[in-house]
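Below is one structure, written out as structure tokens, with a few remarks after it.
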Protein chains: 2
Amino acid sequence: MEGRINRIKKQLHAQKYKLTPQREATVRVLLENEQDHLSAEDVYLLVKEKAPEIGLATVYRTLELLSELKIVDKINFGDGVSRYDLRREGASHFHHHLVCIECGSVDEIQEDLLGEVEKVVERKWHFKVKDHRLTFHGICHRCLEKHEEENRLNKEKEFEKEPEKV
Amino acid sequence: MEGRINRIKKQLHAQKYKLTPQREATVRVLLENEQDHLSAEDVYLLVKEKAPEIGLATVYRTLELLSELKIVDKINFGDGVSRYDLRREGASHFHHHLVCIECGSVDEIQEDLLGEVEKVVERKWHFKVKDHRLTFHGICHRCLEKHEEENRLNKEKEFEKEPEKV
DNA sequence: TCAATTAAGTATAATCATTTTCAAATTATA
DNA sequence: TATAATTTGAAAATGATTATACTTAATTGA
């Protein structure tokens, strides 16, 4: 954690920015919630717990800054808010997302699924790929399992009724 | 065009919605600007030319409705606005986009690039894919060609200078 | 060290896209 | 035709984000 903060500090310094206490508190919240996809408001509320004097505008500015430096990625899943997602260290590509249309959960895929696809795009469309956004919408494994369970129970119920029909 | 409108009319009726004059005017604008990625405001201004009495709220409501019926897809390229893109007839999957980080242009890829990738996701993550969003950010072929042209000119210039250096 | 410049922060107001409200108009239905 | 349901338009409300004005902290050069 501390190492990671230090490296981010260096990245900021390299561009003549400082890691102020407010910025550090914001980065810490992002690190502590790495699995989540927090909105600016979410980040603000969490940072406030440690640094109650911080302003919402500062959080927005910090997230914007971290975006520019490619330390976080700003993503949008179609609800009205932008979400901010820490880029994994050493990750050459932005990770992908699985959004469940039933429960709303968002899971991440770290694997590089697009290597071949990007080559095709560069060759066929003469487009120099710098970044990508890939999101799948569908039903997550948790909801699928729930459905299977329900189906199983329904079948059992039908089976119980069978004798009554006679 | 008329055939397409009629089929959309049927899709609406199938769900107990009517193709009101306002809705028809909106759909026509989308059909006439199929290559573009219009925002709600853009659509509103274009519809107004034909049906000046229409309200912005109606356009938003119509686009929302068409989204639900999967006639249009709502997309977001990270600027503050949602854009609405007509789904090609018979297209089983949503098309992909190439966003140029230099000139801001948005090109479309109709080809299915994700067939294999989706199979991997379903198998490996146990996630039932229903839809996807794939956007590449990079440099479009027009900007790339411009760069090549500039490089060519710069080299020529250097060549001209050569004698001066001696 | 100290004044002067610059960067960054806070709080609040302003902006902009989108949604909601509600009365009026239109359309379907009995 | 009367009644109910749907749809609309205008305006107000909302909610996320950005800009503004002012303050505070940090940095620099004499």
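We name chains A, B, ... by the order of the sequence lines, and we start the count at 1 in each one.
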OH of B:Tyr60 versus P of C:dT21: gap in Å, rounded? 17 Å
Please determine, by modelled atom types, if B:Asp85 and B:His97 share a side-chain donor-acceptor pair under 3.5 angstrom. yes
Less than 4.0 angstrom between a side-chain N/O of A:Arg23 and OP1 or OP2 of C:dG9, yes or no? yes
Distance in angstrom units between A:Asp79 CG and C:dT19 C1', rounded: 15 Å
Can you tell me how far C1' of D:dA16 sits from CG of A:Leu56, to the nearest Å? 9 Å
How would you label the contact of B:Ser39 with the nucleic acid (heavy atoms, under 4.0 Å): base, sugar-phosphate, or nothing? nothing
Walk me through it: do A:Arg87 and A:Asp131 pass the test salt bridge (charged side-chain N to carboxylate O under 4.0 Å, His left out)? CA-CA 12 Å; A:Arg87 210 173 252 234; A:Asp131 199 2; 3.4 Å; yes
I'd like to know whether A:Arg28 forms a salt bridge (charged side-chain N to carboxylate O under 4.0 Å, His left out) with A:Glu2, so could you lay out the CA-CA distance, the side-chain angles of the two residues, the decisive distance to 0.1 Å, and finally the verdict. CA-CA 9 Å; A:Arg28 279 184 190 278; A:Glu2 297 313 312; 3.0 Å; yes
Side-chain N or O of A:Thr20 less than 4.0 angstrom from OP1 or OP2 on C:dA7? no
Would B:Arg61 and B:Glu64 count as a salt bridge (charged side-chain N to carboxylate O under 4.0 Å, His left out) if you check the C-alpha gap in whole Å, the side-chain angles of each, and the deciding distance to 0.1 Å? CA-CA 5 Å; B:Arg61 278 187 293 236; B:Glu64 182 64 32; over 6 Å; no
Between D:dT7, C:dT12, D:dT8, which one does the side chain of A:Ala57 approach most closely? C:dT12
Here the distance between atom P of C:dA8 and atom OH of A:Tyr17, to the nearest Å, is 8 Å
What is the distance, to the nearest angstrom, from the CD atom on A:Gln22 to the C1' atom on D:dA26? 12 Å
Are any of B:Ser82's side-chain N or O atoms less than 4.0 Å away from OP1 or OP2 of C:dA17? no
When hydrophobic residues are tied together by side-chain contacts of less than 4.5 Å, even through go-betweens, does B:Ile8 share a cluster with B:Leu63? yes
Can you measure A:Asn76 atom CG to C:dA17 atom C1' for me and round it to whole angstrom units? 13 Å
Whole Å only: how far is the CD atom of A:Glu41 from the P atom of D:dT18? 14 Å
Closest to the side chain of B:Arg61, out of D:dT27, C:dA17, D:dG9, is D:dG9
Nearest-nucleotide 5' precedence on DNA chain C, B:Val81 against B:Lys18: B:Val81
A:Glu53 has an atom CD; how far is it from atom C1' of C:dA11, in whole Å? 13 Å
